[in-house]
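Since the structure comes first, as structure tokens, the remarks are kept for the end.
Numbering of ligands and ligand atoms starts at 1, following listing order.
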Amino acid sequence: MRFVPLIICLAAISLAAPTQFLNDAYDWTDELAEFYGKVSQYINTARHSIRVPGACEASKIALPSHASGMTGPSGLKPRYVALGRGTQNYTCADSTSTSTPVAVGAVARLYNATCIAANYPDLLAKLPDLAYRIPLPTNEYASFPPANLVLMGHHFFTDAIPEFNLNTTPKKHNGIVMTKKGGAIDAPPGAVSGQYGAVPWLYLTSTDGTVGNYKSVYRVNTAAGSPPKTCEGMPPAFQIQYAANYYFFGE
Ligand SMILES: *[C@@H]1O[C@H](CO)[C@@H](O)[C@H](O)[C@H]1NC(C)=O
Ligand SMILES: *[C@@H]1O[C@H](CO)[C@@H](O)[C@H](O)[C@H]1NC(C)=O
């Protein structure tokens, strides 16, 4: 029953550094399953209690404070927040310790976490920690546990350009954000690291080909995704599981 204090913290919206707990938690599968269930239940309850006009108001959304280490323009308006879950892709020239893995892109599904971002920022910040160990649903359009978040789009690379495609179904066309890197900062100490560490936080600016009111995208609250330090014993191409929160800003 070690998850109980965490749930109390969640309810009080004052999540007290459960990172170590989460790292340890991966060994306790039964308890972990129960934990996910509790989180899901909590979020659903929260959803019902915030079903009032303006409750998911994006203007209430703020980046986590660690993101202030990356410069970006002021005056932009938060539009959406997505939980991203997928892989970071790497290649290795050979499998020796003298070669270094090269990042060649990422593939991730984006799940709409805007309501959670507007109301429960502390909970939102911890979602990637839970999410990165949960396999994606086989049905591409299914919602994602533990929080039953709805699919909002896809993140992938087109000709080495990071793209966020927010057109999912014929009824949900929310645009496309083509980006380039504007800044980066190491994930803060205590980030859930997986085997090789958490990928850096990123600031991306929109470029040609963007459809819709999008000016920037921030990748924050990263969990895992980094490659090993060297290519020793690695295949020519490999993927590392990761999760992160993506914040979309417009004018
Ligand atoms: C990344 O790896 C996935 C899975 O193998 C693949 O489908 C995708 O095309 C790769 N993307 C890039 C940019 O390498
Ligand atoms: C995300 O969810 C919010 C709140 O339910 C909704 O207003 C918004 O349209 C959704 N965004 C996308 C891109 O689906």
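Applying the 6.0 Å contact sphere to CG of N139 captures more than 12 heavy atoms from other residues, nucleotides or ligands.
Atom 2 (O) of ligand 2 is approached by the protein to below 4.0 angstrom, counting heavy atoms only. At least one protein heavy atom sits closer than 4.0 Å to atom 14 (O) of ligand 1. Distance screen at 4.0 Å: atom 5 (O) of ligand 1 has a protein heavy-atom neighbour inside the cut-off.
Shown in contact with N174 at under 4.0 Å from a heavy atom are these atoms of ligand 2, numbered in order with element: 12 (C), 13 (C), 14 (O). Distances below 4.0 Å separate heavy atoms of Q239 from the following atoms of ligand 1: 2 (O), 4 (C), 5 (O).
For Y242 and Y132, the gap between ring centers reaches or exceeds 6.0 Å. For Y218 and Y203, the ring centers are positioned less than 6.0 Å apart.
Of the protein's non-hydrogen atoms, the one nearest atom 11 (N) of ligand 1 is N89 ND2, 2.8 Å. The protein atom (non-hydrogen) at minimum distance from atom 7 (O) of ligand 1 is V107 CG2, 4.7 Å. Shortest contact from atom 10 (C) of ligand 2 to any protein heavy atom: N112 ND2, 2.4 Å. When only non-hydrogen protein atoms are considered, atom 9 (O) of ligand 2 lies nearest to Y80 CE2, 4.0 Å.
Ligand 2 lies less than 4.0 angstrom from a heavy atom belonging to T114. Taking 4.0 Å as the cut-off, M152 counts as a neighbour of ligand 2 on heavy-atom distance.
Both tests hold for R79 against Y214: distance to the six-membered ring centre under 6.0 Å, angle to the ring axis within 45°.
Defined by atom type and a distance below 3.5 Å, a donor-acceptor pair is present between the side-chain atoms of Q241 and R85.
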